[in-house]
Amino acid sequence: MKSAVETLNPTRVRLTVEVPFEELKDSLDAAYKKINQQVTVKGFRKGKIPARVIDQRFGRGAVLEEAVNDALPKFYTEAINEAELNPLGQPEVDITELKDGETLNFTAEVDIRPTIEIPDYSGIEVTVDAVEVSDEDVEKSVEQLRERFASTSPVERAAEDGDVVTIDLQAKVDGEVLEDGVAEGVSYTIGSGELLEGIDDAVKGLEAGGEATFTSELKGGSAEGKEAEVTVKVTQVAARELPALDDDFAQLASEFDTLDELKADSRKRLENMKQYDQATQAQERVLDELLKLAEVPIPEKLLADEIQTRKHNLEHHQLGQMGIDLAKYLEIQGKTEEEFTAETEEQAVKGIKTQFILDELVNKEKLNVNQEELTEHLMRRAASSGMSPDQFAQAVVEGGQVPMLVGEVARGKALAVVVEAAKVTDTNGEVVDLEDDEDEVAEAVVAAAEGEPAEAAAEEKTEA
């Protein structure tokens, strides 16, 4: 077999392959055997039909077609390996010449990973938020904890902001009560914004037994998005009572004996969260600077496929679980379809660039992933997916996704190398000493590749 490579652009090549006919022998034998098992010819046992009879009855062309289809993947792979190419996706194959007994010639166009020159990243400098926890931050944290331990007690007065009311609801559209527009005994905190727009103004000032009518756009159900006339009846008004901020509260709400100890712990927790935010912020900003330094050509088909995949996942998975379609999502986000498409393309480009350059860095630095690193990453990914480690591991293995996880960890280690070489200072001008957890860096890489800001990923983790 002979092959030659023509570079069409930095991310696409055309292979020209010439195969001597004798190299098709194994595939021809396999073709005759396969056809033998599929057809019957009077006078011959199944599977024992001579080749010449198959040629006469079914045509030599059918045999050649079967043989070529069987042989092409093998010859294509040999040509790819010989040229030391890294293909992306499936090739477009064109058989240019097939002469029975003489030769098989074909071409294959395929996208490839571009050759990337790793830039000098030692001069990268980024600024991140300083780790500062104010007394106000601590007070807010303790107040949120206090809210969780609030109690309620019925009162005989008009409802006010912050009260918990028990209500019955009835929604009408065009004068007709909706089948799914009736609810009784609903508990609602005035001012929470958890129900219909306009309900706060409607119930404030009502005592138990009082009712009011208002119009609002329905957020769900059979008449979602339509204007409805909603009647609300208050059956009970209850006042929320917050526990006193003292040592007794500290003992009730935590493992600490005093309020001062509880506040000190809250401060420490907030500092840890801000340190994590600072680290992920540094990783994201260092990655952005690295991407600016590197020239990374993007294969057109790969980009188109990536954009389509992101749109599909959003529409059919994320939005599907939320019970809304893309049009409603864009309305909520205040974006046009053109703006959404441009944003998706920008995220896809960043994700592809991130993977390409960090993979190249993995090779350059000869970074490996050991079993312990892979297991730790798997545990974190399982936690973020809501699955048990065993369930997640089984899904990964069955889906053939182990190489993907290995790649994530390796790219995390590559980014950690760049972060370590960068100069990171906070907004106060202080140098930040980052003790990089490479698996946490891997999470930042995953977030960047998926178009999710690292800060958001960090927030999810600290909340968990």
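Values in this document were obtained by computation on a predicted structure and should not be read as measured data.
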Checklist entry - Got a sec: does the CD of Glu346 have more than 12 other heavy atoms crowding it under 6.0 Å? => result no
Checklist entry - Can you tell which of Asp129, Thr127, Asp426 makes a side-chain hydrogen bond (donor to acceptor under 3.5 Å, both in side chains) with Gln281? => result Asp129
Checklist outcome for this item: Residues Arg12 and Ile112: closest non-hydrogen pair is N-CG1, 4.1 Å
Checklist outcome for this item: Checking Arg411, Lys364, Lys353 against Asp359 for salt bridge (charged side-chain N to carboxylate O under 4.0 Å, His left out), the one that qualifies is Arg411
Item to check | Glu271 and Gln275: side chain donor to acceptor below 3.5 Å | outcome: no
Checklist entry - Are more than 12 heavy atoms from other residues, nucleotides or ligands located less than 6.0 Å from atom CD of Glu97? => result yes
Checklist entry - Are any of the side-chain heavy atoms of Leu24 and Asp70 separated by less than 4.5 Å? => result no
Checklist entry - Would you say the side chains of Glu197 and Ser216 form a donor-acceptor pair under 3.5 Å? => result no
Next on the checklist: Are more than 12 heavy atoms, taken from residues, nucleotides or ligands other than Glu372, located less than 6.0 Å from that residue's CD atom?
Outcome noted: no
Checklist entry - For Glu255, does the CD atom have more than 12 heavy-atom neighbours from other residues, nucleotides or ligands under 6.0 Å away? => result yes
Checklist outcome for this item: Heavy-atom nearest pair, Ile352 first then Leu303, reads CD1-CA, 3.9 Å
Checklist outcome for this item: From the list Glu339, Glu338, Glu331, side-chain contact (heavy atoms from CB on, under 4.5 Å) partner of Lys335 resolves to Glu339
Checklist entry - Side chains of Ser388 and Asp390: do they bring a donor and an acceptor to under 3.5 Å? => result no
Next on the checklist: Is it true that, when you exclude Met379 itself, more than 12 heavy atoms of the residues, nucleotides or ligands shown sit nearer than 6.0 Å to its CE?
Outcome noted: no
Checklist entry - Taking only residues at least two apart or on different chains, which pairs with a member in residues 25-34 satisfy salt bridge (Lys or Arg N to Asp or Glu O under 4.0 Å)? => result Lys25-Asp29, Lys34-Glu66
Item to check | Ion pair check, Asp288 and Lys350, cut-off under 4.0 Å | outcome: yes
Next on the checklist: Side chains of Asp200 and Tyr188: any donor to acceptor distance under 3.5 Å?
Outcome noted: yes
Item to check | Side-chain donor-acceptor pair present, Ser222, Asp180, cut-off under 3.5 Å | outcome: yes
Item to check | Beyond-backbone contact of Val110 with Leu88, side-chain heavy atoms, under 4.5 angstrom | outcome: no
Next on the checklist: Do Asp277 and Val128 have side chains that approach each other closer than 4.5 Å (heavy atoms only, starting at C-beta)?
Outcome noted: no
Checklist entry - Going by atom types only, do Glu373 and Asn368 share a side-chain donor-acceptor pair under 3.5 Å? => result no
Next on the checklist: Checking Asn9 against Glu300 for the side-chain hydrogen bond (donor to acceptor under 3.5 Å, both in side chains) test, could you report, in this order, the C-alpha distance in whole Å, the side-chain angles of both residues, the deciding distance, and whether it holds?
Outcome noted: CA-CA 11 Å; Asn9 62 50; Glu300 290 183 10; 5.9 Å; no
Checklist entry - Are Glu224 and Lys328 within salt-bridge range, i.e. N to O under 4.0 Å? => result no
